[in-house]
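One structure is given below, encoded as structure tokens.
Bear in mind that the values here come from a model prediction, so they are computed numbers and not experimental data.
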Amino acid sequence: MTDYLNLIDAETWAFIERTNSYYPPDTIDHRIAQQREIYDRMCREFFAGYPQGVTAETTAITTPVNNIPTRIYRNAKPDHTAMVLYLHGGGFILGGLDSHDDVCAELCGRTGYEVVSVDYRLAPEHLHPAAFDDAMSAFEWAAGTYDRPVLLCGDSAGGNLCAAVAHATRGHSKKPVGQVLIYPGLGGDRARGSYVTHAEAPMLTVRDLEFYKHVRSGGVDQTGDITLYPLADADFANLPPTVLITAQCDPLSSDGEVYRDRIVAAGGRATWFEEPGLVHGYLRARHTVGRARASFTRIVDAVATLGKGG
């Protein structure tokens with residue numbers, strides 16, 4: 001059994017306990033509507049505000065199928081080298097423009113890039129591939145609207161969507177300039193690596209992952225669908241430069257290592273960082289936990305560097 005008492009430091013345990021006080025580990029046993037209420041309240045409790053000079057505009061992308069709400073973050077001292085398309089986490093059933101509002105504002109504040117957060121459709125009301133379709137529509141809109149490269153960035157479920165978009169747009173005339181994936185779920189082998197070692201990790205368990213997968217897919221076996229499981233793709237050539245940042249104490253961590261290895265084996269550029277002692281969802285600890293603060297700086301640096309073609 002993994003010894004989390006020694007792996008995780010006191011600051012991170014305080015963050016875990018605070019999170020659990022708002023979003024208890026048994027939340028997935030509630031109805032979806034209740035889960036969303038609990039999650040939204042937790043996000044409000046952790047909201048850290050906007051950096052000075054950052055403003056936001058809530059609008060929408062119009063498609064033939066639906067309108068996709070977005071929030072556009074702008075810096076008073078902008079850097080027009082690139083823009084960031086941000087896809088939020090939440091297991092494909094939770095989250096929206098407000099859940100990662102301050103994270104996007106800080107990315108904008110610290111890079112100068114315009115950041116567009118996408119409120120893609122959620123399951124179970126909208127099963128797969130609805131979220132992927134919205135992410136693709138948002139990319140097409142960004143590529144057609146901005147006169148600068150588009151960088152993909154997302155955490156957890158959003159990291160999954162970023163990778164799926166990157167795989168789907170390799171032939172695009174304006175394919176992504178890069179992707180920064182933060183503790184993404186990419187469809188790795190659940191009988192190996194962190195899926196075994198950290199099956200019962202604080203903040204996210206394999207049982208949670210199975211629940212989210214079942215809800216997103218409607219219980220239908222979609223093994224091999226690369227828009228759902230990017231690691232199922234047989235071709236990893238011509239993907240954009242990629243930075244993967246995962247948490248050591250997270251069943252998803254091995255996905256970052258495997259994804260990096262496959263891109264590199266196909267001749268691409270990819271870097272994987274596994275943050276020691278951190279847990280899934282640590283973005284909300286970036287102001288209170290030293291390790292999370294350092295990791296967020298790594299994320300910001302990766303976004304800034306890839307946006308400049310580095």
Side-chain angles (χ1 to χ4, degrees), residues 28 32 35 63 65-66 68 85-96 118-140 152-172 175-176 179-195 199 204-240 242 244 246 250-263 266 270 280:
I28 63 167
I32 298 294
Q35 291 186 45
T63 80
V65 176
N66 63 312
I68 306 168
L85 193 68
Y86 194 92
L87 297 162
H88 68 82
F92 305 100
I93 69 170
L94 308 169
V118 181
D119 190 8
Y120 55 85
R121 287 171 291 173
L122 301 175
E125 296 89 346
H126 305 283
L127 300 179
H128 177 73
F132 169 73
D133 289 344
D134 285 355
M136 281 293 295
S137 293
F139 173 78
E140 294 284 357
L152 302 172
C153 184
D155 67 290
S156 194
N160 168 285
L161 292 170
C162 286
V165 169
H167 283 247
T169 57
R170 281 176 285 192
H172 198 285
K175 69 181 183 180
Q179 56 175 340
V180 177
L181 311 181
I182 307 160
Y183 39 78
L186 301 172
D189 185 347
R190 298 198 176 188
R192 302 179 60 184
S194 57
Y195 284 101
L204 186 72
T205 67
V206 168
R207 177 174 176 255
D208 296 330
L209 295 175
E210 289 296 323
F211 172 79
Y212 296 135
K213 181 179 76 171
H214 179 84
V215 175
R216 184 188 185 194
S217 66
V220 177
D221 182 4
Q222 296 175 314
T223 303
D225 183 346
I226 65 172
T227 66
L228 190 66
Y229 307 116
L231 279 172
D233 199 342
D235 181 10
F236 278 76
N238 301 312
L239 287 169
T242 300
L244 301 114
T246 65
D250 181 348
L252 295 175
S253 190
S254 292
D255 281 11
E257 180 181 20
V258 175
Y259 193 79
R260 181 227 25 213
D261 290 349
R262 292 190 184 174
I263 292 177
H280 196 86

Where is the tightest heavy-atom contact between P184 and L244, given as atom of each residue plus distance? CG-CD2, 4.2 Å
Is there a side-chain contact between D134 and N66 in this structure, where contact means two heavy atoms from C-beta onward sitting under 4.5 Å apart? yes
Pairwise side-chain contact, D261 with E257, heavy-atom cut-off 4.5 Å (strictly under): yes
Could you check whether R207 pairs with E210 (Lys NZ or Arg NE/NH1/NH2 to Asp/Glu carboxylate O, under 4.0 Å)? no
Just checking, is any N or O donor in the side chain of D255 or Y183 under 3.5 Å from an acceptor N or O on the other one? no
Could you pull out the closest heavy-atom pair between Y120 and A157, with the gap in Å? OH-CB, 4.1 Å
Separation of Q179 CD from L87 CG (nearest 0.5 Å): 11.0 Å
In terms of heavy-atom contacts, does CZ of R170 have more than 12 from other residues, nucleotides or ligands at under 6.0 Å? yes
Starting at OH of Y195, measure out to OG1 of T205 and round the result to the nearest 0.5 Å. 12.5 Å
How many angstroms lie between CG in L122 and CD1 in I32, if you round to the nearest 0.5 Å? 10.0 Å
Between S254 (side chain) and S194 (backbone), is there a donor-acceptor pair under 3.5 Å? yes
Output, in order, the C-alpha distance, side-chain angles, deciding distance and verdict of side chain to side chain contact (heavy atoms under 4.5 Å, CB included) for T169 and M136. CA-CA 9 Å; T169 57; M136 281 293 295; 3.9 Å; yes
Point-to-point distance, once rounded to the nearest 0.5 Å, from OG1 of T242 to CD1 of I263: 3.5 Å
Rounded to the nearest 0.5 Å, the NZ atom of K175 sits from the CZ atom of F139 at a distance of 10.0 Å
Taking the side chain as every heavy atom from C-beta outward, state whether L204 and Y212 have any pair of such atoms under 4.5 Å apart. yes
Return the minimal non-hydrogen interatomic distance between A130 and R121, and the atom names on each side. O-NH2, 3.5 Å
Centroid separation under 6.0 Å, is that true for the rings of F92 and H128? no
Under 3.5 Å: donor-acceptor pair, side chain of N160, backbone of G185: yes
In terms of the angle between their ring planes, are Y259 and H167 parallel, tilted or perpendicular, with boundaries placed at 30° and 60°? tilted
Does a side-chain heavy-atom distance below 4.5 Å link K213 with L228? no
Between D119 and G95 the two heavy atoms that sit nearest each other are OD1-O, 4.3 Å
Between the main-chain N or O of G89 and the side-chain N or O of S156, is there a donor-acceptor pair closer than 3.5 Å? no
Less than 4.5 Å apart, side chain to side chain, heavy atoms only: is that true for V118 and I68? yes
Got R190 and L209 here, is their nearest side-chain heavy-atom distance under 4.5 Å? yes
Report yes or no: does D233 contribute a side-chain atom to a donor-acceptor pair with the main-chain N or O of P230 at less than 3.5 Å? no
Heavy-atom side-chain contact between C153 and I182 under 4.5 Å: yes
Interatomic spacing from CG in L181 to CG in L186 - rounded to 0.5 Å: 6.5 Å
How close do L152 and P176 get, counting heavy atoms only, and between which atoms? CD1-CG, 3.7 Å
Counting C-beta onward and ignoring hydrogens, is there a side-chain heavy-atom pair between D189 and L231 closer than 4.5 Å? no
